[in-house]
Protein chains: 2
Amino acid sequence: MAYVYHAPTLTVDVVVFQVIDGRLHVLLIKRKNEPFKGELALPGGYNAAGDTTRQAMDRVLKSKVGLSRADFPFIEQLYAFDTVARDPRGHAVSIVYMALGNNLECHDSETTQEPAFYPVDELGDIAFDHEDIVAYAVERLRARITSFTAVFALLPEDFTLTQLQTAYEAVLGRKLDKRNFRKKFLSFDVLEPTDKYYQEGAHRPALLYRFKERKIQPLLRDF
Amino acid sequence: MAYVYHAPTLTVDVVVFQVIDGRLHVLLIKRKNEPFKGELALPGGYNAAGDTTRQAMDRVLKSKVGLSRADFPFIEQLYAFDTVARDPRGHAVSIVYMALGNNLECHDSETTQEPAFYPVDELGDIAFDHEDIVAYAVERLRARITSFTAVFALLPEDFTLTQLQTAYEAVLGRKLDKRNFRKKFLSFDVLEPTDKYYQEGAHRPALLYRFKERKIQPLLRDF
DNA sequence: ACAAAAGTGTTAAGAATACACCCATGT
DNA sequence: ACATGGGTGTATTCTTAACACTTTTGT
């Protein structure tokens with residue numbers, strides 16, 4: 001090879017999902033710098049030489065939204081987008097991760113402001129091609145909870161069957177039948193009942209369940 | 001930002017699949033240079049600044065195995081692997097594509113020798129982490145033909161139902177019942193019969209079918 | 001007439017869907 | 001006693017899975 005290899009810009013972006021009030025939300029930040037200054041965008045940053053993409057993702061989570069890998073029970077690499085220029089110098093490649101959590105607390109940082117969760121079904125205009133990226137991530141998330149136990153990451157350790165069903169409805173974007181949902185999900189044999197109940201409001205308390213294993217596993221059949 | 005950004009090495013590798021004699025095969029080349037000189041590996045190469053990963057993939061296909069994007073009815077980006085070093089300088093990120101074809105002819109080049117198809121179920125040792133990459137690609141391919149019409153890319157334009165079934169069996173790695181296969185696949189309503197027959201050998205000729213659309217579409221139900 | 005792959009239908013078991021009432025609790 | 005969400009079962013339809021013989025062709 002008679003030429004000097006010069007690598008393209010490599011960046012990492014993260015799609016963080018959480019279910020809030022029965023709706024699927026995504027974490028966005030307000031950009032403090034050009035391009036797209038002032039607009040909403042996914043948290044992201046450069047991937048420097050010597051860093052794996054996961055290390056770069058850790059750095060992004062920490063520096064942009066004050067979170068760490070340990071806050072997410074499930075993280076998956078989604079896709080490498082040949083993004084529109086984030087940088088006037090030209091073309092960049094962005095490795096995008098999806099992270100699922102519950103009860104997340106995020107914080108401002110030097111380079112971003114107001115990291116906050118927005119409902120995915122009513123995102124306005126957001127920066128770069130990030131609208132496409134979020135749509136792609138939602139599709140992947142649906143596939144993951146349809147064929148695998150990925151929901152566990154959207155729920156606390158102990159949860160009621162209604163909370164589980166709500167998470168499914170938020171992700172799939174449609175209502176499910178309560179009796180059929182319970183019958184089917186319990187038949188997968190991935191949950192175990194605890195001996196505790198969750199009480200909230202003037203009605204019967206709900207039995208708390210947990211996943212036998214809090215890691216992703218295939219389901220017997222698709223949900 | 002008070003530091004000069006230096007990007008990691010970016011490479012592209014391609015997993016080319018084809019069904020030959022009822023078995024799924026993958027295209028490998030013999031490396032002419034270190035590292036792994038003389039061993040089998042996926043065709044791959046550097047992604048230079050200014051190139052999208054698809055352009056880099058085109059270059060790899062052309063220069064390493066004498067094929068072009070047009071030879072593949074279906075190409076999909078698989079995953080970004082933080083590969084073990086391909087390069088003594090250190091860590092590299094490799095964007096891997098999967099390409100499906102039929103009746104492919106490939107050729108030697110300056111940097112590689114003997115590009116050839118090997119059955120995926122009896123690969124010996126191959127270079128880098130390419131064995132893992134092929135396993136990952138097979139898994140993805142299975143998902144694609146289970147829920148989508150991706151098989152079309154493994155077949156010529158006109159084909160018999162037996163050829164279709166053989167492609168499924170090669171990819172899924174198990175035998176299927178002929179009557180159930182036909183009933184179910186035809187019920188998807190994605191095929192149309194031609195008025196031609198395919199004859200080969202001393203037996204009844206088979207009616208040729210084609211896909212109504214030679215592009216990927218979801219199936220009504222999983223296969 | 002035989003060998004070889006093409007083509008075709010039925011039955012039984014399992015999965016999905018549709019659907020409505022009683023239970024336990026707080027106020 | 002009432003309002004609220006928790007919890008439960010059955011009947012119907014659809015899907016899957018198991019299974020064997022006749023047809024058409026070349027030699």
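Order of the sequence lines fixes the chain letters, A, B, ..., with proteins taken first and strands second; residue numbering starts at 1 for each chain.
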### Message
I'd like to check Leu61(A) versus Pro43(A) (side-chain heavy atoms, cut-off strictly below 4.5 Å). Are they in contact?
### Response
no

### Query
Val16(B) versus Phe117(B): any side-chain heavy-atom pair under 4.5 Å?
yes

### Query
For atom CZ of Phe188(A), is the number of surrounding heavy atoms from other residues, nucleotides or ligands below 6.0 Å larger than 12?
yes

Interface polar pairs with nucleotides 3-5 of chain D, N/O, under 3.5 angstrom:
residue, atom, partner, partner atom, Å
dT4(D), O2, Ala202(A), O, 2.9

### Task
Indicate whether OP1 or OP2 belonging to dT16(D) is found under 4.0 Å from a side-chain N or O atom of Lys184(B).
yes

### Message
Whether the side chain of Gln165(B) engages the backbone of Arg182(B) through a donor-acceptor N/O pair (distance < 3.5 Å, no angle test) should be reported.
### Response
no

### Message
Walk me through whether Asp129(A) and Thr83(A) qualify under side-chain hydrogen bond (donor to acceptor under 3.5 Å, both in side chains).
### Response
CA-CA 7 Å; Asp129(A) 53 350; Thr83(A) 43; 5.4 Å; no

#### Entry: Contact list for DNA chain D against residues 216-223 of chain B - heavy-atom distance below 4.0 Å
Arg221(B)

### Task
Using a 4.5 Å cut-off on heavy atoms from C-beta on, say whether the side chain of Tyr118(B) contacts that of Val134(B).
no

Check nucleotides 9-14 of chain D for protein N or O atoms closer than 3.5 Å to its own N or O atoms and list the pairs.
residue, atom, partner, partner atom, Å
dT10(D), O4, Lys183(A), NZ, 3.0

### Task
From the options Phe159(B), Phe74(B), Phe148(B), select the one residue that forms a ring-ring contact (aromatic ring centres under 6.0 Å, His included) with Phe211(B).
Phe159(B)

### Message
Is it true that, when you exclude Glu192(B) itself, more than 12 heavy atoms of the residues, nucleotides or ligands shown sit nearer than 6.0 Å to its CD?
### Response
yes

### Message
Going 5' to 3' along DNA chain C, which are the first and last nucleotides with any atom under 4.0 Å from a heavy atom of chain B?
### Response
dA3(C) to dT10(C)

### Task
Provide, to the nearest angstrom, the distance between the CG atom belonging to Leu208(A) and the P atom belonging to dG6(D).
11 Å

### Message
Listing request: all side chain to side chain donor-acceptor pair (under 3.5 Å) pairs with a residue in residues 208-220 of chain A, at least two apart in sequence or in separate chains.
### Response
Asp158(A)-Arg210(A), Asp189(A)-Lys212(A), Glu213(A)-Lys215(A)

### Message
Does anything in residues 15-27 of chain B form a side chain to side chain donor-acceptor pair (under 3.5 Å)? List the pairs, not counting sequence neighbours.
### Response
Arg23(B)-Asp121(B), Arg23(B)-Glu122(B)

### Task
Grab the CG-C1' distance between Leu164(A) and dG7(D) for me, whole Å please.
15 Å

## Note on the structure
Rounded to whole Å, OH of Tyr197(B) lies from P of dT23(D) at a distance of 16 Å

### Task
Kindly give the heavy-atom pair with the smallest separation between Leu42(B) and Asp13(B), and that separation in Å.
O-OD1, 4.2 Å

### Task
Tell me what Leu207(B) touches on the nucleic acid: a base, only sugar-phosphate, or nothing, going by heavy atoms under 4.0 Å.
sugar-phosphate

### Query
Within a strict 4.5 Å, meaning less than it, do heavy atoms of the His130(B) and Asp125(B) side chains meet?
no

### Query
For the atom pair CZ (Arg140(B)) and CD (Gln77(B)), what is the distance rounded to the nearest 0.5 Å?
8.5 Å

